[in-house]
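Whatever order the structure lists ligands and atoms in, that order sets their numbers, starting from 1.
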Amino acid sequence: MEKPFRRSDLLGIRDLSAEEIRGILDTAENFREINAREIKKVPTLRGKTVINLFFENSTRTRTSFELAAKRLSADAINISVSSSSLAKGETLVDTALNLDAMDPDCIVVRHGSAGVPHQLAKVSRAAIINAGDGANEHPTQALLDAMTIREHKKKIEGLEVAIIGDILHSRVARSNIHLLTKLGANVRVAGPGTLVPRDFEYLIAREPCKKKKNKSSKTEERTSLTVCDHVEDAIENADVVMILRIQRERQNSAYFPTLREYSIHYGLTNERLDLAKKDAIVLHPGPMNRGIEIASEVADSSRSLILDQVKYGVAVRMAVLYLATGGSTQA
Ligand code: ASP
């Protein structure tokens, strides 16, 4: 079977076809079982080297990539910006070229600026995996979200997915919008007007939710992205409610008056969640701000799959490292 990536890099979901996305998810399913074993280690990537190059803070993603590499027996090295030569004035490309000279098989990069992984992919012989680039993409997050949804809903096609919060600055939202619409889900986004773009090229449908609900033609039903003026409209009848963190580190002006007001108008409470389908699931990429974008009662409820997302993240990253270093979807 063909490799699911057109190249060995994973720079974004935007570059992948639905078939390639399914290929990665199916491969991740195969790796899941290893994480449930008592001895969580297989020799699949023995002799391969993975460098985690993180210019931004990370708890889940960095640990998850490191665990994924180690469970596949790859040698994993972590570089954080404070200990690197960039602090001494070296350019990003020079750093990449120097790391590349040591022949790693894969470089996992997170950076505060959009496009850095793409820049490194041009000069590096190692496979580049995007672990989050500014407000652009976070492909492995969307893949682990998809794995969580598939596990609990048995499908993605035809699901109604509400994404709530700081859409504008969220790489998680972008990657998810690409992935979910490619796999046939209907995505509705909502949040403060200042944080919900209306003119991104991926905003396929711009009608208000109410209008969409009355649609009857099949072609219109296929419409996969809707901007809702109210959070309640987005959540109503949803199968999946995905809550985003306010990306304060990427905001340079006041997008809403106070956190308290944000929580009152946009926070996910049990009351708002009751508008969704009875069996709706709640996702959050973490780190979550309890009491701001999500109430503790929701975060800790049985409908919340936040820790499942983290669990599946390891399997997804195992699959991504495996495929990026030459594995095939038939693993
Ligand atoms: N951990 C995710 C990210 O790095 C989500 C977040 O930080 O809000 O984008």
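Using modelled atom types and a 3.5 Å distance limit, the side chains of Glu137 and Ser175 yield a donor-acceptor pair. Using modelled atom types and a 3.5 Å distance limit, the side chains of Asp75 and Thr49 yield no donor-acceptor pair. Using modelled atom types, one finds no donor on one side chain facing an acceptor on the other under 3.5 Å when comparing His284 with Arg245. Using modelled atom types and a 3.5 Å distance limit, the side chains of Thr148 and Gln309 yield no donor-acceptor pair.
To the nearest 0.5 Å, atoms CZ (Arg272) and NE2 (His265) are separated by 8.5 Å.
Ring geometry for His111 against Phe55 counts as tilted: the plane angle lies between 30° and 60°, on a 0 to 90° scale.
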Return a table of N or O atom pairs, ligand 1 on one side and protein on the other, at distances under 3.5 Å, rounded to 0.1 Å.
from     : atom 1 : to     : atom 2 : distance (Å)
ligand 1 : 1 (N)  : Gly286 : O      : 2.9
ligand 1 : 4 (O)  : Arg110 : NH2    : 3.2
ligand 1 : 4 (O)  : Arg171 : NE     : 3.4
ligand 1 : 4 (O)  : Arg171 : NH2    : 2.8
ligand 1 : 7 (O)  : Arg245 : NE     : 3.3
ligand 1 : 7 (O)  : Arg245 : NH2    : 2.9
ligand 1 : 8 (O)  : Arg245 : NE     : 2.7
ligand 1 : 8 (O)  : Arg245 : NH2    : 3.3
ligand 1 : 8 (O)  : Gln247 : NE2    : 2.8
ligand 1 : 9 (O)  : Arg171 : NE     : 2.8

